[in-house]
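Worksheet: one structure, shown below.
Below, chains carry the letters A, B, ... as their sequence lines are ordered, and counting in each starts from 1. Quick caveat: nothing in here was measured; it's all calculated off a predicted structure.
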There are 2 protein chains.
Amino acid sequence: MVTIKDVAKHAGVSVATVSRVLNEIGYVHEDTRRMVEKAIQELDYTPNEVARSLYKRKSRLIGLLLPDITNPYFPQLARGVEDRMQESGFRLIFGNSDESEQKERDYIQTFVQNNAVGIISSTNFPGMESYRRLNIPVVFLDRISSDRPAVYADGREGGRIAAQQIIERGSRRVTVLQGPAHIRPAQDRFQGAVEVLQDTGVAYEVIRTASFALKEAEEKAKELFAAFPDTDGVIASNDMAAIAVLHEALRLGKKVPEEVQIIGFDDIPLIGLLSPPLSTIRQPAYDMGYKAAELMIRLIEGQTVELRNIQMPVEFVERGSTRKKPENEYVDR
Amino acid sequence: MVTIKDVAKHAGVSVATVSRVLNEIGYVHEDTRRMVEKAIQELDYTPNEVARSLYKRKSRLIGLLLPDITNPYFPQLARGVEDRMQESGFRLIFGNSDESEQKERDYIQTFVQNNAVGIISSTNFPGMESYRRLNIPVVFLDRISSDRPAVYADGREGGRIAAQQIIERGSRRVTVLQGPAHIRPAQDRFQGAVEVLQDTGVAYEVIRTASFALKEAEEKAKELFAAFPDTDGVIASNDMAAIAVLHEALRLGKKVPEEVQIIGFDDIPLIGLLSPPLSTIRQPAYDMGYKAAELMIRLIEGQTVELRNIQMPVEFVERGSTRKKPENEYVDR
DNA sequence: ACTTTATGTGTAACCGGTTACTCATTCGAG
DNA sequence: CTCGAATGAGTAACCGGTTACACATAAAGT
């Protein structure tokens with residue numbers, strides 16, 4: 001391994017001078033700089049980040065914690081984060097938490113042990129002690145917390161839109177899937193939907209789910225149609241759940257969207273290719289990841305951050321699991 | 001930050017003794033050990049990996065390089081790798097290469113700079129100088145190279161199976177999508193398919209593609225039906241390409257599988273939920289990632305590895321984009 | 001001509017661990 | 001009872017960078 005000493009020797013200067021050249025700090029004579037740069041070239045030297053990190057007590061590493069990269073929603077988030085970080089020369093230590101508190105703790109610990117300068121996390125436990133103790137910036141992604149900056153989509157509005165749409169398109173006995181209780185955006189969606197359902201006086205039922213895992217979603221889908229067989233509209237807690245519901249509906253011989261309308265949440269890839277293609281509330285996942293990274297970078301650089309909570313807009317994506325909207329409401333105007 | 005010195009002071013011993021306790025190395029009196037452990041507890045001390053890594057010249061970090069985590073095939077690979085690594089206490093520095101040589105080089109450099117102990121890569125440039133120079137183990141994943149150990153699926157056999165199936169199911173004018181020329185598994189699939197097509201004397205055409213990007217696949221799908229409008233069977237280079245072909249076929253009003261059969265490759269999530277659900281050649285992506293990590297760990301631990309190239313089996317997954325197999329072949333027996 | 005200030009470079013301490021080496025004490029074998 | 005081996009623990013060098021500080025020389029003010 002080529003070290004700064006080798007470069008110093010080769011260029012006939014001290015390590016301090018090489019370091020100055022590397023970091024473009026302090027005075028270095030133009031001729032000296034050239035000598036050093038030549039030496040660096042010739043020896044193909046790259047500074048060891050570990051040594052640097054040790055002295056500075058900070059690395060160029062960011063911890064990224066997601067529940068499960070295998071869930072089609074998360075790759076987009078991850079990619080957004082990576083792209084922005086990469087632009088500023090940060091690298092990611094990546095982990096799947098599987099919605100397990102222990103795994104989260106373990107990862108947070110290794111992030112700290114590796115002098116990570118920040119953590120971006122789609123945690124399931126935002127209030128966890130491990131986060132509170134940290135003295136590096138934390139940004140919650142697709143999550144909300146009162147103590148930490150966060151980037152998330154407007155779940156409340158999403159829920160409202162979903163309910164409005166499903167009602168306008170004719171559903172009268174709606175079942176709403178309530179996502180995990182401890183995840184704010186999931187609750188917001190739920191509340192937004194219920195809000196509109198109540199205001200408009202449309203009958204609705206609720207099915208609770210505890211996680212975002214596909215397996216659980218499948219069970220809940222069965223439960224849904226068993227408990228409320230006359231449901232004619234389902235607002236799912238996310239697209240994976242919507243898929244499970246769609247499958248179950250089809251299995252039971254129900255026509256979608258004629259007999260049951262289904263609206264998902266997220267707009268994960270390929271969801272528009274199902275049959276019928278799923279209508280959903282789109283979250284800008286890539287952008288959310290990107291913004292979270294951006295926020296993180298500002299935090300790391302100690303810039304005063306005006307906006308610590310970034311709420312992203314959502315939109316209804318009309319596809320085949322909802323019926324066409326009757327166009328008789330606002331005839332003129 | 002709590003350091004080993006704080007622990008030593010608190011326990012009334014030297015740092016060497018604390019280190020011995022931590023690493024369970026050398027002689028430490030039982031009473032002393034308890035004192036130290038108590039101090040560690042009370043101060044909530046965790047050793048700094050960076051310092052450790054600097055002295056040992058190796059970290060607990062593994063570089064993982066994938067073309068694009070957003071491509072539905074890769075999350076599974078990544079997850080397999082992560083799960084196995086996690087079992088042995090290794091962590092991942094993760095990067096997307098976007099099939100760009102420059103990005104790969106940059107990532108390899110940072111892996112080295114951070115004292116990564118190994119690199120697992122789905123590289124597009126296995127012969128690249130940057131890999132050859134490395135003196136840490138490299139495992140290629142879903143790729144093949146003569147100089148490095150690799151884990152990949154049996155593409156040749158997969159191609160053969162695809163061709164056999166599509167022929168048995170009645171296609172007589174097959175178009176084969178040839179994946180990127182520099183990616184061996186893609187070529188193997190292609191060759192396997194062509195091999196069978198030639199042996200059986202079925203007419204076939206070829207469309208070349210340069211990358212695995214969805215966008216390109218869409219263009220090529222258009223090109224395919226423009227150049228060979230009477231195609232009645234398509235063997236795609238992967239599922240994303242198969243989706244593009246399916247879409248284009250449907251757009252042109254062709255019935256799938258009645259007029260055109262389509263076989264994909266990979267078996268990515270949700271592909272079985274399309275309409276029609278895509279028949280495909282399944283690669284055990286999660287297992288491949290897991291095995292690659294396992295191989296890497298053996299390499300790191302310096303174990304003599306008998307099997308440096310691990311080829312995983314593939315299988316045909318029959319779904320709706322291929323027709324039913326005529327069952328008249330072996331009537332009695 | 002004489003301070004000041006700016007420029008240029010080297011020495012050595014430091015970051016937080018690990019380990020080679022040293023030294024002291026205890027134990028067991030002959 | 002003696003001596004080598006086993007046990008237990010501390011000191012300091014080391015890993016590869018960064019930077020405070022010292023020092024020398026050149027340029028700029030007065």
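Between A:Asn23 atom CG and D:dG17 atom P there is a gap of 11 Å when expressed in whole angstrom units. When rounded to the nearest whole Å, the span between CZ of B:Arg57 and C1' of C:dT19 equals 13 Å. Rounded to whole Å, the distance from NZ on A:Lys56 to C1' on C:dG17 is 20 Å. Spacing between atom OH of A:Tyr55 and atom C1' of C:dG17 amounts to 17 Å, rounded to whole angstrom units. For the pair B:Asp6 CG and C:dG16 P, the computed distance is 9 Å after rounding to whole Å. B:Lys58 has its NZ atom 21 Å from the P atom of D:dC14, to the nearest Å. Atom pair A:Glu24:CD and D:dT18:C1' shows a separation of 15 Å (rounding to whole Å applied). Rounded to a whole Å, the CG atom of A:Asn115 is 15 Å from the P atom of D:dT18.
Each of B:Val2 and A:Gly26 lies near DNA chain C, and the nucleotide nearest A:Gly26 is the one positioned closer to the 5' end.
Around atom NZ of B:Lys58, no more than 12 heavy atoms belonging to other residues, nucleotides or ligands sit under 6.0 Å away. The local environment of NZ in A:Lys103 is crowded, with over 12 non-hydrogen atoms from other residues, nucleotides or ligands closer than 6.0 Å.
The minimum heavy-atom distance between A:Gly89 and A:Arg60, with the atom names listed, is O-NE, 3.6 Å. Taking every heavy atom of both residues into account, B:Asn48 and A:Gln113 meet most closely at OD1-O, 3.4 Å.
Counting only heavy atoms from C-beta on, A:Leu54 has its side chain closest to C:dC15 among D:dT18, C:dT18, C:dC15. Checking C:dG16, D:dG16, D:dT18 against every side-chain atom of A:Met1, the shortest atom distance belongs to D:dG16.
The backbone N or O of A:Thr123 sits less than 3.5 Å from a side-chain atom of A:Arg143, completing a donor-acceptor pair. Between the side chain of B:Ser122 and the backbone N or O of B:Leu141, at least one donor-acceptor pair lies under 3.5 Å. Distance alone, capped at 3.5 Å, is enough to place a donor-acceptor pair between the A:Asn115 side chain and the A:Ser53 backbone. The closest donor-acceptor contact from the side chain of A:Asn114 to the backbone of A:Phe111 lies at 3.5 Å or more, if one exists at all.
Relative to the axis of its first five pairs, the axis of the last five pairs of the helix from C:dA1-D:dT30 to C:dG30-D:dC1 sits at 40°, rounded to 10 degrees.
Here B:Glu37 does not pair with B:Arg34 in a salt bridge; the nearest charged N to carboxylate O distance is not below 4.0 Å.
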Detail all sub-3.5 Å separations between protein N/O atoms and N/O atoms belonging to nucleotides 23-28 of chain D.
none

Protein-nucleic acid N or O pairs under 3.5 Å, nucleotides 4-10 of chain D:
residue	atom	partner	partner atom	Å
D:dT7	OP2	B:Tyr27	OH	2.5
D:dG8	OP1	B:His29	ND1	3.4
D:dA9	OP1	B:Thr32	OG1	2.4
D:dA9	OP2	B:His29	N	2.6
D:dA9	OP2	B:Thr32	OG1	3.0
D:dG10	OP2	B:Ser14	N	2.9
D:dG10	OP2	B:Ser14	OG	2.9
D:dG10	OP2	B:Thr17	OG1	2.6
D:dG10	N7	B:Arg20	NH2	3.3
D:dG10	O6	B:Arg20	NH2	2.4

Validation: residues 126-139 of chain A side-chain donor-acceptor distances under 3.5 Å, sequence neighbours left out:
residue	atom	partner	partner atom	Å
A:Tyr131	OH	A:Glu104	OE1	2.8
A:Tyr131	OH	A:Ser121	OG	2.7
A:Arg132	NH2	A:Gly127	O	2.8

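A cation-pi contact, defined as under 6.0 Å to the ring centre and within 45° of the axis, is absent between A:Arg84 and A:Phe90.
Annotation: side chain of B:Val81 is not in contact with side chain of B:Ile62 (no heavy-atom distance under 4.5 Å).
Legend: residues meeting side-chain contact (heavy atoms from CB on, under 4.5 Å) with B:Ala186, ordered by chain and number and at least two apart, are B:Pro180, B:Ile183, B:Phe212.
A heavy atom lying under 4.0 Å from DNA chain D marks none of the residues of residues 40-52 of chain B.
Shown are B:Ile4, B:Val28, B:Ile25; of these, the side chain to side chain contact (heavy atoms under 4.5 Å, CB included) with B:Ser19 is made only by B:Ile4.
Looking at heavy-atom distances under 4.0 Å, B:Thr3 makes contact with sugar-phosphate atoms alone, never a base.
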